[in-house]
Amino acid sequence: MGTTEGTYDFGRIERKWQAYWDEHKSFRAVDCDASKPKYYVLDMFPYPSGQGLHVGHPEGYTATDIVARYKRMKGFNVLHPFGWDAFGLPAEQHAIKTGTHPEETTNQNIANMKRQTKALGFSYDWDREIATTDPEYYHWTQWIFLKLFNCFFDEGQQKARPIEELPIPEGLSDDQRRRYIDDRRLAYQADVPVNWCPALGTVLANEEVVGGVSERGGHPVIRRPMRQWMLRITRYAERLLDDLKEVDWSESIKKLQVDWIGRSVGAEVCFRIDGRDDNLWVFTTRPDTLFGATYMVVAPEHPLVDAIVADGQRAAVKAYCEAAARKSDLDRTDLAKDKTGVFTGAYAVNPVNETRIPIWISDYVLISYGTGAIMAVPAHDDRDFEFATKFELPIIQVVQPPSCEDAERVARGELCFTGDGTAINSGPFDGLPTPEFKERITAWLAERGLGKRAVNYKLRDWLFSRQRYWGEPFPILHLPDGQIMGLAESDLPLRLPELDDYKPLGTGEPPLAKATDWIDVTMPDGSTARRETNTMPQWAGSCWYYLRYLDPRNSERGWDPAKERYWMPVDLYIGGAEHAVLHLLYSRFWHKFLYDLGYVTTKEPFKKLVNQGMILGEDGQKMSKSRGNVVNPDQVVTDYGADSMRLYEMFMGPLEAMKPWSMQGVQGVHRFLQKTWRLVVDEETGRFSVNVRPVPPEEETLRLLHQTIKKVGDDIESFGFNTAISAMMILVNHLGRLEVRPKSVLESLLLVLAPFAPHIAEELWQRLGHAQSLAYEPWPTYEKDLIKDSQIELAVQVNGKIRDRIVVPAEAGDEDIKAQALGCDRVVEALAGKTPKKVIVIKSRLVNIVV
RNA sequence: GCCGGAGUGGCGGAAUUGGCAGACGCGCGGGAUUCAAAAUCCCGUCCUGGCAACAGGGUGAGGGUUCGAGUCCCUCCUCCGGCACCA
C-alpha cells in the first residue's frame, strides 16, 4: 500500500482518542449536577458470551452513543453506563464439561467483550461498569428479593406493604398463622409443574424442551410438580397495564405487553352439581350465552374430578388424566387441532334454567386459568363448537348475528358465531344486545348469589427458581420445623460456595445441594437450618441494573435516594425486541414494588424505549455459524476502523428495521470518511490543506451547512440516523468540489459529525487548531432564514402531469406564481386553448392547472 | 387460526406526512489521471421508444376518494415478527 504521510490512518487515530478519553475521563457523569438538565441513556446490557461481540450489539450501542454525545453537546448532563448480565447457562455448561469455575469463564468473556466494545469508541462512563455476578452487585439483588419475601400486597391500597402490617385473622394457631403469612408473601413457595428430565437429572426451561423431549440428547421430559419459588407479579397486573399509558414506547411493544398480561372481564358463575352438595364454578367472558350452555368441561387436574366421577366412568377418566399429566404444555397445544375428552358421568345444573347438562373432562381446559372449569356454549365459542361437533353434543343458538345469512347457518348448527348480536332462546332476556345482556345477567346472578363479576389475566405468577449453580443464591433458610426464614439484611451478600464439580445430582436437587459445608447453618438455639439450594433466574439481575448504575460502588445501600431522584427515569432505553415482553415486564414489576416501598420515585423505569432491528448476513439470512455468514466486528474495525463500523451500522437503514449486512456498504461510508479527511488534510504532505482558509462561505455553502445542521439535529432526535448521515454526505460532496473551503464551515461539519464518527472528528478538530476535545463543544445552531433558498423551482402540472418548471423568488405571491405558470410555452401548448377551471398553487412545491 | 409490521430501481434505502417518486450509498457503464494497476475525480444509470428535445409507463395486485395517492379507504396476494385452546 502506498501510504503517504497524510492518509486517513484510522487505526492510529482511534487508539489515540480512545486513550485520550480514558485518560481524561471525558465521559464521567457527575451526580446531582443541578446546573444542567440530566439525560439517562441506557443500553440493554449484554450477556458476556464466549462468542464475543456480534455486529448486532453495536447497532443499539452506536445509536445510544450518538444520542449521548449529541445530548452532551446540547448541554445535558449525560449518564451513559455499561455492564454485564453475567449469570447464565453457557458458563455453567462449560463448567460441567471442563470443570472450569463459571466465574473464570465469565471474567474472561467480559474482558474480551469489553476490549471489543471499547474499540468502538463508545462514550460510556466506565467507572460505573457493573456485572450481575459480582457479590457487590448481587448483594442488592438478594436484598430486593428479601424485601419481596417480607412484603404482602394490599388489595385495597393496590400496593405492597411490609409483612408486619398484614392484618391476621383472630384465633389462628401458630402453625395456621405462619401459613397464613407465608401464603401472602410476594415471594412464596408453591408446588408447580416443571419440565423434569429424568435422564438428565434436571429441570428444563420451556425453550429447552422440543416436542416432549430434551433439546440436548433427546431424552423424554415429563411434567412433575416440584417446590418452586414464585413471585406474585399477577398482583401488579392491573398497574402494569394501566401505567403503559405513561410511557413513550411504540404501540406495537405496548400491545405485546397488553396481550401478554391478557386481561379479560367476565363473570364467575356457580353451577350446582346434580345429586351432590357441591358446586362447580366457571369463569366466562360471555355470561350472556348462559342459556346456550349444553355441557361443562373441567381440566384433568381439577380437584373435583375424583369426587364427581361416576363409577362406570372411573377407569376411562383415570386413564385420560394420567395421559394428560404426561403431556408437556407444548404437546397439549400441538394436539389443539384434535380435541380429546371423556365424560365423567356427572351432571351440573344450569342456574338460569335448571337444565341438567353433562360434565366432561378435557385438556383443552387449563387448570391454571380462571377456575379450571368452563361452561361450554358450542354455538358461540369455536373451541366448544369443535368439541361438541366431535362428541355429538347439542348445540343451542342464543345469539342472533347481525347478518341474516350467518343467522340461518348458526340456527342449523353449521356455524359458530362468536361476535356480538341480539339474545334469543334466553327466556326473559330475549332481544337484549350482547353488551347490555352481559351486564344484566351478571347483576341477576349476583343478586341470587349465583355469580359475580370477575377479571382474569393470562399473566401467571413468575416462576423464580432455577436448579442451577451459576445464579444468585436465595437469602433463605429452611428451619428444622419446616419454617422458612429470610436472612438478615446484614448477612448479605450470601456468596455462592465453591464446588468441585457442577453436574446436577440427578435427583432434581440443584448443584448447590453438593455444597454440604455451605448448606448447613447453625442457628443461635443450636439447631441446624438448611440454606435454599435453588438459585435465581437470569432475569433477576437484569431487573434492576439501571438503578445500580446510579450509584454502583455504594456498599451501604443499593443506590442513594438523592441520586435516584436526580437521574431517574431512564430517558432512552435501546435494545433488542426479544426482550419486549419478559425483561421489560419483570423490570417494571420490580420497579413498581420498589416504588411502593419508597425506594424509587417514578412509577415507570423507562420513559422512551426503542427496539433495534436484527442484522442479517450478506445473504439475507439470519447470521449463524453453520451458515458461515457471521460478520466479525473485530475484523471490520481492523479493516475499516471503528468510525466506519459505527457509521455503517447507522447508515444501513432505519434503526428498528431488519436489514442485511454489506461489506461494500462499509466501504461506501469509509470512502465518505476519507473524503471528509481530505477536506482538511493534504494527503501528500500530511499537513493542513492549503485550500482551507478562514474566509466566509458563499451563500450556497452557507445555506447547505445550515440545512445540514438542522437535518442532522432533527434526525438524531427522531432516531433517523441513516438520513442524518446522507445529509452530511451531501455537504461533504459539496465542500469537496470547492476550490477554497471556509474553515468555519468545516468546524461546524466536524461538530455534527462527532456523535457518529467521534475519532476522526476529534482528530480533524485538533488539526483545525483546537486544543480541547470537542465532546462538550456546543452543538452548532442554524438560522431559519439562511436555510431558505432565495429562488425556488416549482413544477407546473396540467391535470396532474408535469409539463414545465418555473423559477420564482422565494417570497413570490400566489398570483404572481399563477401568472408565470400559465405563461409557460409548454403549458400553453398543453392547454391547447382551453380555459383552466382551477389553478392550485402549493407554495414551494408545485402548481397544478386543472382544465 | 388470531394480532401486529412491511412490500418502492440490479441491491440497502429516501420522499417536508396528501404535492416534482427514486435523495444518499452500493453496484454497473463511460471518460479523465496512470507505463500499468489500485486509489481518486467527472459524466451517466427506474423501465420502454428516440441521436436528441421529448413522449408513454411506473411504488406487491385490483378497485375507490381527491385537482393531485408510495402516502388515505376497501378487497386480495406475499414476506417478517408475536401469540397460540387463556373460556
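Just so we're clear, the structure is a prediction, and the values are computed from it rather than from any experiment. Sequence lines set the chain letters: A, B, ... in the order given, protein chains first and strands last, and positions in each chain run from 1.
For A:His670 and A:Tyr648, the ring centers sit 6.0 Å or farther from each other.
A:Gln667 comes within 4.0 angstrom of no nucleic acid atom, judged by non-hydrogen atoms across all strands. Among the protein residues, A:Arg737 comes within range of the sugar-phosphate backbone only, with heavy atoms under 4.0 Å from sugar or phosphate atoms but none that close to a base. When heavy atoms are screened at a 4.0 angstrom cut-off, A:Leu256 is found touching the sugar-phosphate backbone but no base atom. Within 4.0 Å (heavy atoms only), A:Asn799 reaches no atom of the nucleic acid at all. Contacts of A:Ser264 with the nucleic acid, taken as non-hydrogen atoms under 4.0 Å apart, involve only primed sugar atoms and P, OP1 or OP2. Using a 4.0 Å heavy-atom criterion, one finds that A:Lys622 contacts no nucleic acid atom at all. A:Lys837 comes within contact range of no nucleotide atom at all, as no heavy-atom separation falls under 4.0 Å.
In this structure, A:Arg646 and A:Met650 have side chains that are not in contact, with every pair of non-hydrogen atoms separated by 4.5 Å or more. Between A:Asn456 and A:Arg263, the closest side-chain pair of non-hydrogen atoms is not below 4.5 Å.
To the nearest 0.5 angstrom, A:Leu415 atom CG is 9.5 Å from A:Gln397 atom CD.
For A:Ile730 and B:G22, the CD1 to P distance is 13 Å, given to the nearest whole Å. Rounded to whole Å, atom C1' of B:G56 lies 14 Å from atom CD1 of A:Ile802. At whole-Å resolution of the value, CD in A:Glu739 and C1' in B:C41 are 13 Å apart. Rounded to whole Å, the distance from CE on A:Met652 to P on B:G25 is 17 Å. To the nearest angstrom, C1' of B:A87 lies 8 Å from OH of A:Tyr364. Between A:Met614 atom CE and B:G5 atom C1' the separation is 14 Å, expressed in whole Å. Atom NZ in A:Lys711 sits about 13 Å away from atom P in B:C24, given to the nearest Å. Whole-Å rounding puts the A:Glu649 CD to B:G13 P distance at 14 Å.
For the C1' atoms, the distance linking B:G49 with B:G60 amounts to 27 Å, nearest Å. Look at the P atom in both B:C46 and B:G25: the space between them is 15 Å, to the nearest Å. Taking atom C1' on both B:C79 and B:U65, the two are 29 Å apart, rounded to the nearest angstrom. Rounded to a whole angstrom, the distance from the P atom of B:G13 to that of B:A23 is 15 Å. When the C1' atom is compared between B:G10 and B:C47, the two are found 13 Å apart, to the nearest whole Å. For the C1' atom pair drawn from B:C35 and B:G29, the interatomic distance equals 25 Å after rounding to whole Å. Comparing the C1' positions of B:C20 and B:A69 gives an interatomic distance of 14 Å, to the nearest angstrom. Taking the C1' atom of each, B:G44 and B:G22 are spaced 16 Å apart, rounded to whole Å.
The A:Arg826 side chain lies nearest to B:C54 when the options are B:A87, B:C20, B:C54. With B:C20, B:C24, B:G56 as the choices, the nucleotide that has an atom nearest any side-chain atom of A:Arg803 turns out to be B:G56. Looking at the side chain of A:Asp363, the nearest of the listed nucleotides B:C85, B:C80, B:G25 is B:C85. Residue A:Lys255 has its side chain nearest to B:C3 when only B:G19, B:A55, B:C3 are considered. Listed candidates were B:C3, B:G13, B:G25. Nearest to the side chain of A:Asn722 is B:G13. Minimum atom distance to the side chain of A:Ser726 is reached by B:A23, of the listed B:A23, B:G19, B:C80. Nearest nucleotide to the side chain of A:Arg678, out of B:G13, B:C85, B:U40: B:U40. For A:Pro654, whose side chain is taken as the heavy atoms from C-beta onward, the closest listed nucleotide among B:G13, B:A55, B:A87 is B:G13. Listed nucleotides: B:C83, B:A15, B:G4. Nearest to the side chain of A:Thr723: B:A15. Out of B:G19, B:C20, B:C24, the shortest distance to the side chain of A:Asn848 is found at B:G19.
A:Ser264 and A:Tyr369 form a side-chain donor-acceptor contact under 3.5 Å, judged by distance and modelled atom types alone.
Environment of NZ in A:Lys622: sparse, with no more than 12 heavy atoms of neighbouring residues, nucleotides or ligands closer than 6.0 Å. Counting non-hydrogen atoms of other residues, nucleotides and ligands closer than 6.0 Å to CD of A:Gln621 gives a total above 12.
Base orientation of B:G4: anti (glycosidic angle beyond 90° from 0). In this structure B:U48 sits in the anti conformation; its chi angle is more than 90° from 0.
Between A:Glu700 and A:Arg703, no side-chain nitrogen of the basic residue sits less than 4.0 Å from a carboxylate oxygen of the acidic one, so the salt-bridge criterion is not met. Checked for salt-bridge contact, A:Lys818 and A:Asp814 miss the test: no charged N lies under 4.0 Å from a carboxylate O. Using a 4.0 Å cut-off between charged nitrogen and carboxylate oxygen, A:Glu783 and A:Lys788 do not count as a salt-bridge pair.
A residue-by-residue look at A:Gln674 and A:Lys659 shows that A:Lys659 has its nearest nucleotide of RNA chain B further toward the 5' end. Closest-nucleotide positions on RNA chain B for A:Ile849 and A:Met375 were compared, and the one nearer the 5' end corresponds to A:Ile849.
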So what's the dot-bracket for RNA chain B: Watson-Crick or G-U pairs under 3.5 Å, [ ] if a pair crosses, | if it pairs off-strand?
(((((((..(((......[....)))((((((.......))))))((((....))))..(((((..]....))))))))))))....
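Below the 3.5 angstrom threshold, one finds a donor paired with an acceptor across the side chain of A:Lys339 and the base of B:C85.
Residue A:Arg671 places at least one side-chain N or O closer than 4.0 Å to OP1 or OP2 of B:G27.
Under the 6.0 Å distance and 45° angle rule, A:Lys339 counts as a cation-pi partner of A:Tyr364.
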